[in-house]
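Below you'll find the structure, written out as structure tokens, and then a few comments.
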2 protein chains.
Amino acid sequence: MPLTPDTATPLSNEPVTLLEVARVAGVSPSTVSRILNGTAKVAPAKREAVESAIAQLKFRPNIFARSLKTGITMTVGVLTQSIESQFYSRALKGIEVGLEASGHSPIIVSGHWNAQTDVASLKLLTSRRVDGVIILTSDIADSDVLDVAKQQPVVITERDLEGPNLRSIHVDQKFGGYLATRHLLALGHTRIAHIAGVENRADAQGRYLGYLEAHTEARVEPDPRLLVRGNFTDKGGYAAAQRLMDSGVPFTAIFCANDDTALGARLALYQRGIRVPEDVSLVGFDDMPTSSFMTPPLTSVRQPVYEVGLYAARMLLDMMGYPAEAVQLPPLELMVRETTRKCQP
Amino acid sequence: MPLTPDTATPLSNEPVTLLEVARVAGVSPSTVSRILNGTAKVAPAKREAVESAIAQLKFRPNIFARSLKTGITMTVGVLTQSIESQFYSRALKGIEVGLEASGHSPIIVSGHWNAQTDVASLKLLTSRRVDGVIILTSDIADSDVLDVAKQQPVVITERDLEGPNLRSIHVDQKFGGYLATRHLLALGHTRIAHIAGVENRADAQGRYLGYLEAHTEARVEPDPRLLVRGNFTDKGGYAAAQRLMDSGVPFTAIFCANDDTALGARLALYQRGIRVPEDVSLVGFDDMPTSSFMTPPLTSVRQPVYEVGLYAARMLLDMMGYPAEAVQLPPLELMVRETTRKCQP
DNA sequence: CTGAAAGCGCTAACAT
DNA sequence: ATGTTAGCGCTTTCAG
């Protein structure tokens, strides 16, 4: 019995085209195309012939040819601020999952909290002719966003801006700040410090406003000397907490603009021998996965980052005309853990 | 004076093609193409005419048409295990930066520590006809990797596998485990527990082997009851540390398979009132950014994750025939911080 | 140095 | 239900 070469694995690397499939199956290219896309009905016999030809030749359609013809790329662009951040990568995960069903691939580019580079990154996305765009919190000007929305649908987070081709997702940061501060006030704390986020950023500002509102509601006057500037990082929180302690102004609790800040602040307190929560209560914001493993586990305002990503993806899909299951965006929620306790005077 | 409509911004959304640019500039399409790609010399006058036409029409070449013609997509596929992980997102950042110069865009897909879904993700990448592939640690079979490498160059991490179109980057995990354990032994610890990583994974195995080697070198017999299984997560580390304490077997130090594990273990110790480092020393692995903000800051083996990403990108670029600056991969390094101290008997 | 012309691989009228 | 055919927008011989 002579050995025949294994023709199942074509040795030549010449790409297989739809045309060859058609030839092998003995049908016209359009029939193959129709089967591939389910565009029209085809006789079972032909369908079978085509499918076996596809399998035999290991045919894979060239999506570039398709995109060129249809103008649809099956990609959505995502602008994020640093993939490194735990925060954004969770949102990215949500987007990825949300897009899964429709078969769209996310193309991720990262800005750097800089309006200029963000616009450049956005350009890169549109030059790839993405079918839609998701912008995860950026400082770029409204007009630029509107501009991008002229080309394809866009969803943007943390901004109040709507348009014909533009929707936004907005989490109530102020309410979160209120929740955190009210909790502290309810525990009897009246000297509550706040390590704020990056200046001029809407989310940072919102959280601070919530801090103020809770005070107003409780008829407690916040001491302005207890407001220190952080920058949303552990390093910044560390430095801010040090400044706070150096100032000598007494306080019994700190509301941090985010969990990273709280992590840094917690270390600074530790190094000065100040116990958490015995001496000082600590509240964070975001509720990152690792925060529940801080020692002690951090009380924090849970922000539904993953769900925001999911929601953004679905919303975009809807705008692009795909059937998208509606998802509910869960509200902000205070996760009370072990860094907060009653104020002992 | 009659108001003329602002023609600088074309109102119609009809896409501008290279052909129109050529018409407006009064040259042939080939000339425009040549200018776009720098393929050949063109007369300064024509170049200028074309460039102004491009600007005026806001022309952006259709990369799909180009890719269709050239077969080059200017994209590289990246297979990662969950974008959520701090670990992988740092590597992704490295890849992003490494690719920046050449103008390639990374397309990121995530596997789930599952050989099967990883292969599917890889298929998605190749169906997008990426010019190269970077695989960030996967469990897929060698044969599948080799298979992908038939289509385009691939770089893979944490695997000893080379081929005509395949290179691998390998960090010496065993050496890292050795470093960590030697440090503990040098401090006088002899009862060193190890919370291992996921079973059957090369990196977890390597770190454990290093733990063993350091013991052998120091002529200390490791107590097999001090080896407990973790899974590279904080949760797993937490549970493992609990099991360890419940077992009643005495120990004075723990070497954790990674920082997440150490974070979990640290919480478990805290909850039982066991102090770090006074009662028990703790060493992690990876040296994630937040580890230096653990309380107390974690001693850990620094793994150059970002650099691995950078290195992978450059290596791939080189394989694809682009000039790529060589980068040095820094060696593993023990970052001694505050969770380890002399064993006090 | 520049232009004409032939496709890259696929889809979508338009016929049949 | 299926085939024929004309492009999608670009690059690239091949002439001149």
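Below, each value reflects all heavy atoms present in this structure, side chains not excepted, and no hydrogens, waters or symmetry copies. Proteins get letters first, then strands, A, B, ... in listed order; numbering begins at 1 in each. Everything quoted here is computed from the prediction, not taken from an experiment.
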| query | OP1, OP2 of D:dC8 versus side-chain N and O of B:Asn62: anything below 4.0 Å? | reply | no

| When all nucleic acid strands are considered with a 4.0 Å heavy-atom cut-off, which category describes B:Thr17: base, sugar-phosphate, or nothing? | sugar-phosphate

| task | Identify, with sequence neighbours excluded, every residue that meets ring-ring contact (aromatic ring centres under 6.0 Å, His included) alongside B:Tyr311. | result | none

| said: Check this for me, if you would: do A:Lys93 and A:Glu96 make a salt bridge, where the nitrogen-to-carboxylate-oxygen distance has to be below 4.0 angstrom? | reply: yes

| message | In whole Å, I'd like the distance from the CG atom of A:Leu68 to the P atom of C:dC8. | response | 13 Å

| When only distance counts, do a donor and an acceptor, one from the side chain of A:Arg34 and one from the base of D:dG3, lie under 3.5 Å apart? | yes

| task | Kindly say whether, by distance alone, the side chain of B:Thr39 makes a donor-acceptor pair under 3.5 Å with the base of D:dT11? | result | no

| remark: Of the candidates D:dG3, C:dA4, C:dC10, the side chain of B:Ser28 sits closest to C:dA4

| remark: Terminal axes of the helix from C:dC1-D:dG16 to C:dT16-D:dA1 (5 end pairs apiece), angle rounded to 10 degrees, sit apart by 30°

| message | Using the side-chain heavy atoms of A:Lys41, tell me which of these nucleotides is nearest: D:dT2, D:dA1, C:dT11. | response | D:dA1

| request: Any chance you could measure B:Asp144, atom CG, to B:Lys123, atom NZ, to the nearest 0.5 Å? | output: 7.5 Å

| note | Taken to the nearest whole Å, CZ/B:Arg129 to C1'/C:dC8 is 11 Å

| request: Take A:Ser30 and A:Ser33, measure what side chain to side chain donor-acceptor pair (under 3.5 Å) needs, and give me the verdict at the end. | output: CA-CA 5 Å; A:Ser30 9; A:Ser33 173; over 6 Å; no

| remark: Between CD of A:Glu20 and C1' of C:dG9 the distance, given in whole Å, is 11 Å

| field | Nearest-angstrom distance from the residue atom CD1 of B:Ile63 to P of D:dC8 | value | 19 Å

| query | Just by distance, do the side chain of B:Ser85 and the backbone of B:Ser82 share a donor-acceptor pair under 3.5 Å? | reply | no

| Selection from C:dG9, D:dT2, D:dT11 that lies nearest to any side-chain heavy atom of A:Pro15 | C:dG9

| message | So A:Ser30, base contact, sugar-phosphate only, or nothing? Heavy-atom distance under 4.0 Å. | response | base

| task | Could you say whether B:Lys46 or A:Leu19 is positioned toward the 5' end of DNA chain C, judged by the nucleotide with the nearest heavy atom to each? | result | B:Lys46

| task | Starting at atom CD of B:Glu48, determine the distance to atom P of C:dT2, rounded to an integer number of angstrom. | result | 13 Å

| request: Specify the separation, in whole Å, of atom CZ of B:Arg23 and atom P of D:dG9. | output: 11 Å

| message | Please tell me whether B:Thr126 and A:Arg60 have a donor and an acceptor in their side chains that are separated by less than 3.5 angstrom. | response | yes

| request: Please state how far atom CG in B:Leu18 lies from atom C1' in D:dT12, giving the value in whole angstrom units. | output: 13 Å

| task | Please work out if B:Val27 contacts a base, only the sugar-phosphate, or nothing of the nucleic acid, heavy-atom cut-off 4.0 Å. | result | sugar-phosphate

| Sub-3.5 Å donor-acceptor pair from the side chain of A:Gln81 to the main-chain atoms of A:Trp113, do we have one? | yes

| Whole-Å distance between D:dC10 P and B:Ile54 CD1? | 10 Å

| request: Test side chain to side chain donor-acceptor pair (under 3.5 Å) on B:Thr137 and B:Thr157 and set out the steps. | output: CA-CA 5 Å; B:Thr137 324; B:Thr157 67; 2.9 Å; yes

